[in-house]
Structure formats: C-alpha cells, structure tokens
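Side chains included, hydrogens not; waters and symmetry mates left out as well; all remaining heavy atoms used. Every chain is numbered from 1, with letters handed out A, B, ... down the list of sequences.
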Amino acid sequence: MEKPTLPKGTRDFGPLVMARRQYLFNTIGQVFHKFGFLPLQTPAMENLSTLTGKYGEEGDQLLFKILNSGDYLKDVDLSKLEARNSRLVASEIAEKGLRYDLTVPFARYVVMNRHEIALPFKRYQIQPVWRADRPQKGRYREFYQCDADVVGTDSLICEAEIVLMIKEVFQKLRLNDFTLKINHRSVLDGLAEIVNAGGKEADLYVAIDKLDKIGEEKVREGLIQKGFESKSLDALFEILNTKGSNEQKLNLLSNKFQQSEVGKKGVSDLKETLGYLKFLNANEQHVEVDIPLARGLSYYTGCIFEVKVNNVQMGSVSGGGRYDNLTQAFGSKEKLSGVGISFGIDRIYDCLDELNLFPKETATSSKVLVCHFDEASLQYGLNTLSQLRSAGIASEIYPDLAKFKKQVEYADKKKIPFVIIIGPEEVASGQLSLKNLESGEQSKQTIQQIIQALTP
RNA sequence: GUGAAUGUAGCUCAGUUGGUUAGAGCACCAGAUUGUGGUUCUGGGGGUCGUGGGUUCGAACCCCAUCUUUCACCCCA
C-alpha cells in the first residue's frame, strides 16, 4: 500500500487553518460588500480558448489543461502525434483548462451576460485559481484570489475606492506595516518614449520593475543587453531614482513629460486618483507612487497597484489595475473599461502567521462538552444537549461510554472551554455540574442557569 | 523551463572513517487515579532509514536514477 500524497503545490487546510482562512475571507468579503460589490462565482474550468492568449506567452505555459473525456487520442492527426510536439497535440486533446485568475473569467461572464448587467457592474469573487508553476516560498499551484472589479466606467473614483479598500482590509487584519504601490501604464509608456524603446517596451518594463530588488547596476546591464542605448538610460534613471513625496514625484514627472502626451495622461490620472482620496476623507498614508512598478500581466492599461508587506520575506500580497480592452478579447463590440484588485489570501495568511497577528478566538470550537458516567446519564445528557443547542450554544456530547478522564481530555484537546458533568447524582437532582476548564471552577446549576451563563 | 539543497518513528532531529538488534525529545496508548483534564511517575506500541537499482563480505552512511519538500532564477498572488 503506497502512502498517499498531495499533488505538488497543493495543500489540505485543517480545522485550525480553516478557522483562520475563514477570518481572512470574511474580513475581505465584508469590505468588498461595504463598497457595493456583490459576489460572483464561476466554474473551476473554462474553455481553453477563453484562457489562452490573455496572460502572455509565459502565462499560457502555466495553464493547467484538462484532458478531453473518452478516447481523446483517437482522432488526433497522426502526423502531429509522430512529431512528438506536445504543443501541437495539446489543442486537440484538451479543450478545457483550470482558471488562471479571476479577472478573465469575470470578463467572459460580463460579455456573456451583458444584456442583464447594469453598468457600472461591481462584483467580487473569492475562489481558487491554478498555475502550473514550480512552487516555492509563498507560491502555490492552487491558491485563492479575492478579487473585486468594476467594469463599465472610466471614473478614477474607482481607483480611489480600491485604494480605500486595500487600506481598510489591512487595517482590519492589523497588518499595519505595508506599502501600497501605485503607478500608471501611461507613465511607463512616457518613460519608453524618453528612452526610445520603440517596440521593446515590455523588456523595459520587466527590467525596471526589478530596480529595488537588484539595483540600478544590474538593471542597466540588463537593458543594455536588450539593446538600449546607455546614453538614453541616464535620463531614465534620473526619473526612476526620484525620492520624495508623491506630490514631488508627480511634479517631476509632469516636468519630464512635457513632450509626451501619453506620459502626461498617466500623471494626471494619478493626481486625480490621489485627489479623490481627499474628497473621500482619506489620506495618502501607506500609498506610494512607485515609478518603476510595472506588474507582469499584460492586460493592464491604466493605474496599477501592488501591495507589499514590509519586513516580511514575501512577494506582493495584492495587486491590480485598470484594463481597457479585456472584454474586446471576447468579441465585445462595446469598449468596456474595468479596474480591479486581487488579494492573495495564501500569502496574506503566511504573513499574518509569521507576524503572529491572528486573533486568538479563531481557534475555538464548541463552547461546552456534555460528559456522563453511565447509560442513564448519557441519555439524560442528550436531552441537555438538545436544550443547549436550542439556545444557540455550540455544544457536543461525548458519544461513547468512556472514562470520565478521557472525556475531559477530549474537551481539553479541542479547546472546549466548559464541560457539563452528569452522573447519577445530577440525574436525580437536576442540578448539573458546570466546570470551567480554564479556571478549574465548578458549580452545580440547573440547565436554565447554565444556558444563561453560557449565552454571550 | 533553468540551477541548488533536502528526505531516518505521527512531529523535531541524533546516528562516529561503511561494521552486531537504528536512537532521543515531543506526541500517542495504558496504568498509578472505577466522579475530575492540563502537572508528575511507570510501562507500552510505533521505522521496508522516500522509492528503485548499483558498489561491498557488510550500506541509514558511498554511486546512479526517480519522486517529495524547500530555496533561488524566470514569472507571479
């Protein structure tokens, strides 16, 4: 008999972990709801045609594909099989795949249900996604995303509200040391004009995104290798290395972008977004304009966000941005702009765990265990149990006739704070023994008194 | 996809230059204690040393392959 194992990069979530994960899901879901977002769920699997081509070449390779049912090799072109090129064969034997993120299925949903959706449409979605990546710290093959997106409006109020939601979620989780980085694709495009990127924008963005991680020297090296001129890079790094307040950075950018229409647009969008924060009675605490911030997903076109928890060795815990043409990829004639945010709950979990920030209460189970000594008191206990539950008290009974010691040990292990002890004495008098396992206190009370004592 | 490390009891780990029957702590079970848990004491169960092959008189230890987990790169939450 082989020992069972889990597929690489997947995990079970036991009761303790689940209690904590629920706490995260609930916290995030409540914030989304408060900002007017309503829940949506979509299938774990999508047609492969829905998924491919949306995440760039790299993303396509990370898609989990699902083998067709039945004799899936039967009709495959023999020449393709003989070529032994799995890519050629893949499209013929797999027409479904596991979702890679929640944004693309959302866009698909919007296009399919356009007739009954009131714009702007705000939805949130908390579901697992799958990536055929190689697992490492903070990276799993199955993980949950908590997304909130709004489509059908260009208003930058949405961007400002995303900033507010991020701030509120982390505040509620008592994760106070974080940085919400914000940038704009048009700012990056402006930079590309300055260095004459001409077609190599993607290389440029990927390279400068790593600035704070590997330093200016390495980034320069990388860019020169990609064919950028060393001279043009000086102007670039002068901008990228700007320190100071958000206002100072944005002013410098407007200065540098006097010749760049697209650059100006990026700066004004960022200014407007930050301006809305004031009207919403919020401030720029934790918010940092981060000029090198690029983010990988190729579909972003406007503001982009990323959240980093400070003093923890962990990639970004949240990210998002505005996309202009996602629904166009599904044949929508109308141009629907959208903006969204995604919280990576598995990473947030790891951060909270590392920083010891989970509230203690997330561990509790039943409030009380009914213990007994013989057949008669067990039977009596069942009636007691039913009364406790009618009163809304989470309770359980030890289901076997067992030594009292064993029953209390069970309560102890499950961190059940109270036991009710029922023996012949209690059955006769109706005065049950209630014991507080934490303090050791014990007293005789009627069931009504106990219910009153245990009702919060 | 590229590169590296790791794997011994349920968990954390010892295990000498290759040499008798592979150990400890914690956890688990039982008893001390037949109506009182957490503490203590006593005893007990539990290992194909990741898997498969090879070298050797002899392998947990050396070699090869494979899988797992972890870390870095690429990319990403």
Look at A:K137 and B:rC73 and indicate whether a side-chain polar atom (N or O) is within less than 4.0 Å of OP1 or OP2.
no
OP1, OP2 of B:rG37 versus side-chain N and O of A:K414: anything below 4.0 Å?
no
Report the distance from atom CG of A:N436 to atom C1' of B:rG37, rounded to the nearest whole Å.
12 Å
For A:E438, answer base if it contacts any base atom (sugar-phosphate contacts may also be present), sugar-phosphate if it contacts only those atoms, and nothing otherwise; contact means non-hydrogen atoms under 4.0 Å.
base
Could A:E161 and A:K122 be called an ion pair, given the rule that one side-chain N must be under 4.0 Å from one carboxylate O?
yes
Distance, P atom - from B:rG7 to B:rC49, rounded to whole angstrom
15 Å
When the C1' atoms of B:rA60 and B:rU17 are compared, how many Å lie between them, rounded to an integer?
16 Å
Can you establish whether the number of heavy atoms outside A:E229 located under 6.0 Å from its atom CD is more than 12?
no
Nearest to the A:I421 side chain among B:rU68, B:rG35, B:rA72, which nucleotide is it?
B:rG35
Please state how far atom CG in A:L24 lies from atom C1' in B:rA77, giving the value in whole angstrom units.
14 Å
Of the candidates B:rG35, B:rA30, B:rC74, the side chain of A:E425 sits closest to B:rG35
Looking at the side chain of A:K213, which of B:rU68, B:rU36, B:rC73 is the nearest nucleotide?
B:rC73
For the side chain of A:R295, starting at C-beta, report the closest nucleotide among B:rA77, B:rC28, B:rC71.
B:rA77
Under 4.0 Å between a side-chain N or O of A:Q136 and OP1 or OP2 of B:rA72?
yes
Regarding A:E142, tell me which of base, sugar-phosphate or nothing describes its non-hydrogen contacts under 4.0 Å with the strands shown.
nothing
A:K8, nearest nucleotide to its side chain (from B:rG35, B:rU69, B:rG37):
B:rU69
Assigned partner base of B:rA5, Watson-Crick or wobble definition, under 3.5 Å
B:rU69
Rounding to the closest angstrom, what is the interatomic distance between B:rG54 and B:rA59 at atom P?
12 Å
Counting the atoms with a prime plus P, OP1 and OP2 as sugar-phosphate, which does A:S316 contact under 4.0 Å by heavy atoms, base, sugar-phosphate, or nothing?
sugar-phosphate
Just one of A:I28, A:L40, A:I341, A:L102 clears the side-chain contact (heavy atoms from CB on, under 4.5 Å) bar with A:D147, so which one?
A:L102
From C-beta outward on A:Y140, which listed nucleotide comes closest to its side chain: B:rA77, B:rG31, B:rU36?
B:rA77
Side-chain donor or acceptor of A:E426 under 3.5 Å from a matching atom on the base of B:rG35?
yes
How would you label the contact of A:K413 with the nucleic acid (heavy atoms, under 4.0 Å): base, sugar-phosphate, or nothing?
sugar-phosphate
Using a 4.0 Å heavy-atom cut-off across all strands, classify A:G315 as base, sugar-phosphate, or nothing.
nothing
Could you tell me whether the side chain of A:Q442 has a donor or acceptor atom within less than 3.5 Å of a complementary atom in the base of B:rU36?
yes
Please state whether the base of B:rC71 and the side chain of A:R139 form at least one donor-acceptor pair under 3.5 Å?
no
Check this for me: does any side-chain nitrogen of one of A:K444 and A:E425 sit under 4.0 Å from a carboxylate oxygen of the other?
yes
With the stacking rule set at 5.5 Å and 30°, tell me whether A:F143 counts as stacking on B:rA77.
yes
If you assign each of A:K210 and A:G440 to its closest nucleotide in RNA chain B, which residue comes earlier from the 5' end?
A:G440
Using a heavy-atom cut-off of 4.0 Å across all strands, would you classify A:V419 as base, sugar-phosphate, or nothing?
nothing
Select from A:T10 and A:S318 the residue whose nearest nucleotide in RNA chain B is closer to the 5' end of that strand.
A:T10
In this structure, how many angstroms lie between the P atom of B:rC75 and the CH2 atom of A:W130, rounded?
25 Å
From the set B:rC75, B:rU36, B:rA77, return the single nucleotide nearest to any side-chain atom of A:E58.
B:rC75
P atoms of B:rU16 and B:rC57, separation to the nearest Å:
22 Å
Opposite nucleotide pairing with B:rU16, Watson-Crick or G-U, both atom distances under 3.5 Å:
none
Figure out the NZ/C1' separation between A:K415 and B:rG37, and round it to whole Å.
13 Å
Are OP1 or OP2 of B:rC75 and a side-chain N or O of A:R134 less than 4.0 angstrom apart?
no
Ion pair check, A:K181 and A:D212, cut-off under 4.0 Å
yes
Is the shortest side-chain heavy-atom distance between A:E142 and A:R131 below 4.5 Å?
no
Could you let me know what B:rA30 is paired to, Watson-Crick or G-U wobble, both distances under 3.5 Å, or none if it's on its own?
B:rU42
Check if the side chain of A:K435 and the base of B:rU36 share a donor-acceptor pair of N or O atoms closer than 3.5 Å.
yes
Might you confirm whether atom CG of A:D400 has over 12 heavy atoms from other residues, nucleotides or ligands at distances under 6.0 Å?
yes
How about A:F343 and A:F32: do any of their side-chain heavy atoms sit closer than 4.5 Å?
yes
